[in-house]
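Inspection log for the structure reproduced underneath, given as structure tokens.
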Amino acid sequence: MVSARAAALGHSPAVAPRRVTILGATGSIGTSTLSVLAERPEAFAVEAVTANANAVQLAALARKAGARIAVLADPAGYADLKAALAGTGIAAAAGPAAVVEAALRPVDVVVAAIVGAAGLAPTYAAVSAGTCVALANKECLVSAGALFMGAVKRTGSALLPVDSEHNAIFQILEGRDHASVERILVTASGGPFRTWSLEQMAKATAAEALRHPKWSMGPKITIDSATLMNKGLELIEAHYLFDQPADRLGVLIHPQSIVHGLVSFTNGYLMAALSAPDMRTPIAHCLAWPQPSRGAGRRLDLAEIAHLEFSAPDPDRFPALRIAGEALEAGGAATNILSAANEIAVMAFLAGKIGFLEIARMVADTLYKAAELINRAPATIEEAVALDAEARRIAGQLVARSG
Ligand code: NAD
Ligand code: MG
């Protein structure tokens with residue numbers, strides 16, 4: 001708010017730059033975030049950057065962003081990180097506990113861009129400390145959604161969706177009465193195998209699955225987009241973020257990736273949010289929130305685009321979507337187990353140990369084998385991490401047996 005005196009003098013208030021920490025700074029979302037921040041150096045200052053094991057890349061981007069501290073999850077990289085930051089004044093640290101400490105440094109917003117369950121503890125620490133979190137790391141909500149939303153409520157922090165579909169829906173819903181929501185739809189490009197038969201997909205290679213038609217992303221989410229498990233994870237993400245039951249959530253295949261999310265209301269209107277497919281736009285929205293942001297990239301010319309297609313997903317060719325939906329309906333620990341098993345199956349596929357169609361099968365088999373764990377909804381983040389480890393062990397055994 002501008003003070004009356006400053007306004008009378010025609011002064012614009014000196015606003016301190018927003019301090020930002022980026023967990024997973026070397027990844028696709030991490031580097032896109034850094035490019036958004038670099039465009040507005042007067043508005044943002046970087047506090048901490050973290051990565052898994054790449055000391056050289058992390059040190060380079062910490063220097064460029066003028067971060068105060070750079071942290072590697074892998075302790076083996078500490079000496080390299082320290083050496084690469086010598087003389088810069090940027091502190092270095094390593095190990096999983098140091099990543100959690102980085103997430104707890106006081107800032108205006110933490111960008112959660114680690115991939116998979118590795119992001120659970122630091123992201124939960126930030127939310128529990130009452131810090132506003134821009135969430136890309138959707139596996140947090142899939143593994144422990146009730147705990148995260150409970151922490152948001154308890155601390156009054158905000159969980160802002162970076163995921164393009166959820167960011168679109170968040171913007172449609174802002175200021176509206178949630179009781180008037182009839183249905184929420186997330187769109188899916190359909191991935192590289194949208195038109196492939198099951199016979200073709202059975203022989204799909206990692207290189208083919210990694211060739212996404214619309215988005216350039218990290219390897220795990222790119223494979224999730226090819227199986228459509230990504231949309232399954234996103235339905236679960238939407239369930240927690242927007243507090244809607246599974247039967248009010250749906251997926252629409254939309255190859256152009258222009259419409260990201262849609263909400264139908266009791267008044268008969270279906271509202272959609274459209275933008276060019278560029279993750280810098282939802283990232284910028286989260287970084288500036290609740291102030292308006294300046295979206296990245298080109299603006300849409302619908303006359304030029306001319307055609308937007310929509311269709312229902314094919315559950316026979318993309319069973320991952322159905323498996324994720326069933327896990328959401330089952331509740332308890334089912335989505336935690338789903339997420340853990342999927343991470344193991346995706347890694348096994350990328351390593352050439354299992355075929356493409358076996359990814360969804362492995363996830364379903366893990367849920368079946370881990371049936372006695374499903375009722376154990378995690379009550380703490382430590383329990384969520386332990387369940388994830390147990391589900392990984394079971395999925396790992398299935399992978400080993402399939403070889
Ligand atoms: P990525 O693989 O490009 O980057 C992952 C980041 O996490 C890297 O910085 C890596 O160093 C770090 N990391 C990996 N393992 C770690 C570990 N064990 N401990 C600590 N850090 C670790 O992934 P990405 O594509 O940027 O995706 C990040 C998250 O954002 C995922 O959850 C993904 O589903 C979500 N997301 C990504 C996109 C996108 O366009 N890339 C869009 C929507 C949502
Ligand atoms: Mg998405």
Side-chain angles (χ1 to χ4, degrees), residues 22-35 48-58 61-62 70-77 81 93-100 102-103 111-123 133-143 160-170 185-191 210 212 214-225 228-238 241 251 254 257 259-261 275 277-283 286 296 339 342-343 346-347 350 385 388-389 392:
I22 305 152
L23 308 174
T26 53
S28 165
I29 293 290
T31 50
S32 293
T33 301
L34 287 163
S35 86
V49 285
T50 82
N52 187 24
N54 193 333
V56 172
Q57 194 192 352
L58 182 66
L61 56 82
V71 184
L72 278 182
D74 181 0
L81 182 66
V99 177
V100 172
V111 179
I114 293 175
V115 60
L120 274 173
T123 309
V133 169
L135 184 79
N137 189 184
K138 64 190 86 180
E139 294 89 350
C140 288
L141 288 178
V142 179
S143 288
L160 306 172
V162 169
D163 218 349
S164 52
E165 300 78 2
H166 305 72
N167 189 272
I169 292 159
F170 178 81
L185 294 168
V186 295
T187 62
S189 71
L210 285 169
H212 196 279
K214 282 286 166 201
W215 301 93
S216 160
M217 311 179 285
K220 194 249 174 189
I221 185 176
T222 306
I223 301 303
D224 287 346
S225 301
L228 287 201
M229 181 59 89
N230 185 45
K231 284 309 128 178
L233 303 181
E234 289 187 357
L235 288 181
I236 300 164
E237 185 184 11
L241 281 173
V251 172
H254 167 49
S257 297
V259 179
H260 303 293
S275 72
D278 186 330
M279 286 309 293
R280 290 173 305 163
T281 299
I283 291 169
C286 293
S339 187
N342 181 54
E343 277 198 58
V346 168
M347 281 192 294
L350 287 172
V385 171
D388 175 87
R392 278 166 195 269

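We count ligands from 1, going down the list as the structure has it; atoms in each ligand are counted the same way.
The closest non-hydrogen atom to atom 18 (N) of ligand 1, taken over Ala51, Ala118, Ala73, comes from Ala118.
With respect to the salt-bridge test (charged N to carboxylate O, under 4.0 angstrom), the residues Lys220 and Glu343 do not qualify.
Among protein heavy atoms, the minimum distance from atom 34 (O) of ligand 1 is reached at Lys138 CE, 3.3 Å.
When heavy-atom distances to ligand 1 are checked against a 4.0 Å cut-off, Ala113 comes that close only through its backbone atoms N, CA, C and O. If you look at Ser32 next to ligand 1, there are no close heavy atoms at all, none under 4.0 Å.
Checking only distances, Ile221 never comes within under 3.5 Å of ligand 1, N or O to N or O. Considering backbone and side-chain N/O of Ser216, none are found under 3.5 Å from N/O of ligand 1. Distances between N or O atoms of Thr50 and those of ligand 1 include no value under 3.5 Å. In terms of N/O distances under 3.5 Å, ligand 1 is not approached by Asp163.
With the Mg ion (ligand 2) at the apex, Glu165 OE1 and Asp163 OD1 define an angle of roughly 100° (rounded to 10 degrees).
In the vicinity of Ile29, heavy-atom distances shorter than 4.0 Å reach the ligand 1 atoms 26 (O), 30 (O), 37 (C), 38 (C), 39 (C), 40 (O), 41 (N), 42 (C).
Residue-ligand proximity: Asn137 is placed with a non-hydrogen atom under 4.0 Å from ligand 1.
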